[in-house]
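This is a predicted model, so every value here is computed, not measured. The first residue in the sequence is number 1, and the count goes up from there.
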Amino acid sequence: MPYILYDDRGIKKSFALPEDKMVVFGREDHVEFQILRDSLVSREHFAIDKDDAGDFVLVELGASNGTFLNDNQLEANSITKLKTGDRIRAGRQNFIYSLKPAKKSTTTSLVKDVLKDIDKKDYKTLMNEIVSQVKK
């Protein structure tokens, strides 16, 4: 099963692509993958579907700001076969087509990142005091 990998405010996530239906990406309520925080994304920006040969394809839906595949702008309403590692950009959003899901972030790794940030910025907060007690 293929996936779309993306970054959601610093957390790497995966979206499994269904084999039996087209997935539309955009700002509208009715799309399968809604992108709310980017005004450069069209209501229906692009889609990913499985073609008759069984390959997954990127369908450019005439987005006003264009859809980019590996930094190349696609023609409006074009269909392009996807391969592992392809990078898709819509507005300020970046996606990667992959046959494997994103490596899940564990709570431990997220806490370690926060601790590094606290140490680096030398915050003098209640949280820092709590963390200092935990480190001992």
Colleague: Please determine whether side-chain contact (heavy atoms from CB on, under 4.5 Å) holds for the pair E44 and V31, giving the CA-CA distance in whole Å, both sets of side-chain angles, and the decisive distance to 0.1 Å.
Modeller: CA-CA 7 Å; E44 293 181 350; V31 301; 4.1 Å; yes
Colleague: According to side chain to side chain contact (heavy atoms under 4.5 Å, CB included), who are the partners of D20, at least two apart in sequence or on a separate chain?
Modeller: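 Residues passing side chain to side chain contact (heavy atoms under 4.5 Å, CB included) with D20: P18.
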Colleague: Applying a strict under-4.5 Å side-chain criterion to I, L, V, M, F, W and Y, I'd like to know whether F15 and M22 cluster together.
Modeller: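 Different clusters.
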Colleague: Answer with yes or no whether the hydrophobic clustering places V59 together with I88; edges join I, L, V, M, F, W, Y residues whose side-chain heavy atoms lie under 4.5 Å apart.
Modeller: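 Different clusters: V59 never reaches I88 through Ile, Leu, Val, Met, Phe, Trp or Tyr contacts under 4.5 Å.
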Colleague: Just verifying a value: how many Å separate E32 CD and F25 CZ, rounded to the nearest 0.5 Å?
Modeller: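 One gets 9.0 Å once the value is rounded to the nearest 0.5 Å.
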Colleague: Look up atom CZ in F33 and atom CD1 in I4, then write down how far apart they are to the nearest 0.5 Å.
Modeller: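 One gets 8.5 Å once the value is rounded to the nearest 0.5 Å.
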Colleague: What is the distance from atom CD1 of I11 to atom OH of Y6, rounded to the nearest 0.5 Å?
Modeller: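 That separation rounds to 10.0 Å.
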Colleague: Okay, side chain of S14, backbone of A102: is any donor-acceptor separation there less than 3.5 Å?
Modeller: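 Such a contact is found between S14 side chain and A102 backbone.
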Colleague: For residues 66-76, dump all side-chain donor-acceptor pairs below 3.5 Å to protein atoms at least two apart in sequence or in another chain.
Modeller:
residue	atom	partner	partner atom	Å
T67	OG1	H45	NE2	3.3
T67	OG1	E60	OE2	3.0
N70	OD1	R87	N	2.8
N70	ND2	D86	OD1	2.9
D71	OD2	R87	NH2	3.0

Colleague: Report the residues that fulfil side chain to side chain donor-acceptor pair (under 3.5 Å) with D55, sequence neighbours left out, ordered by chain and then residue number.
Modeller: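 Not a single residue meets the side chain to side chain donor-acceptor pair (under 3.5 Å) criterion with D55.
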Colleague: Let me confirm one number: the CG-CD1 distance from L82 to I96, rounded to the nearest 0.5 Å.
Modeller: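 That separation rounds to 12.5 Å.
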Colleague: Listed by chain and number, what are the ring pair (Phe, Tyr, Trp, His ring centres under 6.0 Å) partners of Y97, not counting sequence neighbours?
Modeller: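 Y97 satisfies ring pair (Phe, Tyr, Trp, His ring centres under 6.0 Å) with no other residue.
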Colleague: Are any side-chain N or O atoms of R43 and backbone N or O atoms of E28, one a donor and one an acceptor, separated by less than 3.5 Å?
Modeller: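 No; judged by distance alone, with no hydrogens or angles, the pair does not exist.
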Colleague: As an exercise, state the distance from NZ of K21 to CD1 of I48, rounded to the nearest 0.5 Å.
Modeller: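 Rounded to the nearest 0.5 Å, the NZ-CD1 separation comes to 13.5 Å.
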Colleague: State yes or no: do F95 and V24 share one hydrophobic cluster built from I, L, V, M, F, W and Y residues joined by side-chain heavy-atom distances below 4.5 Å, directly or via other members?
Modeller: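 In one cluster: no.
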Colleague: Could you work out, with salt bridge (charged side-chain N to carboxylate O under 4.0 Å, His left out) as the rule, every residue matching D51, not counting sequence neighbours?
Modeller: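 D51 satisfies salt bridge (charged side-chain N to carboxylate O under 4.0 Å, His left out) with no other residue.
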Colleague: Between K12 and P101, is there a side-chain heavy-atom distance shorter than 4.5 Å?
Modeller: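 No, their side chains stay 4.5 Å or more apart.
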Colleague: Distance check, rounded to the nearest 0.5 Å: L5 atom CG versus K100 atom NZ?
Modeller: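 The NZ atom of K100 is 11.0 Å from CG of L5, to the nearest 0.5 Å.
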Colleague: Does one hydrophobic cluster hold both V23 and L61, with members joined at side-chain heavy-atom distances below 4.5 Å?
Modeller: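 No.
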Colleague: Counting only heavy atoms not in R37 (residues, nucleotides, ligands), do more than 12 fall under 6.0 Å from its CZ?
Modeller: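 For R37, atom CZ is not crowded (no more than 12 foreign heavy atoms under 6.0 Å).
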Colleague: Of all residues at least two apart in sequence or in a different chain, which pass the side chain to side chain donor-acceptor pair (under 3.5 Å) check with K81?
Modeller: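 Result, side chain to side chain donor-acceptor pair (under 3.5 Å) vs K81: none returned.
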Colleague: For a side-chain contact (heavy atoms from CB on, under 4.5 Å) with Q93, tell me which candidate from D7, L40, I35 qualifies.
Modeller: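 Among the candidates, only I35 passes.
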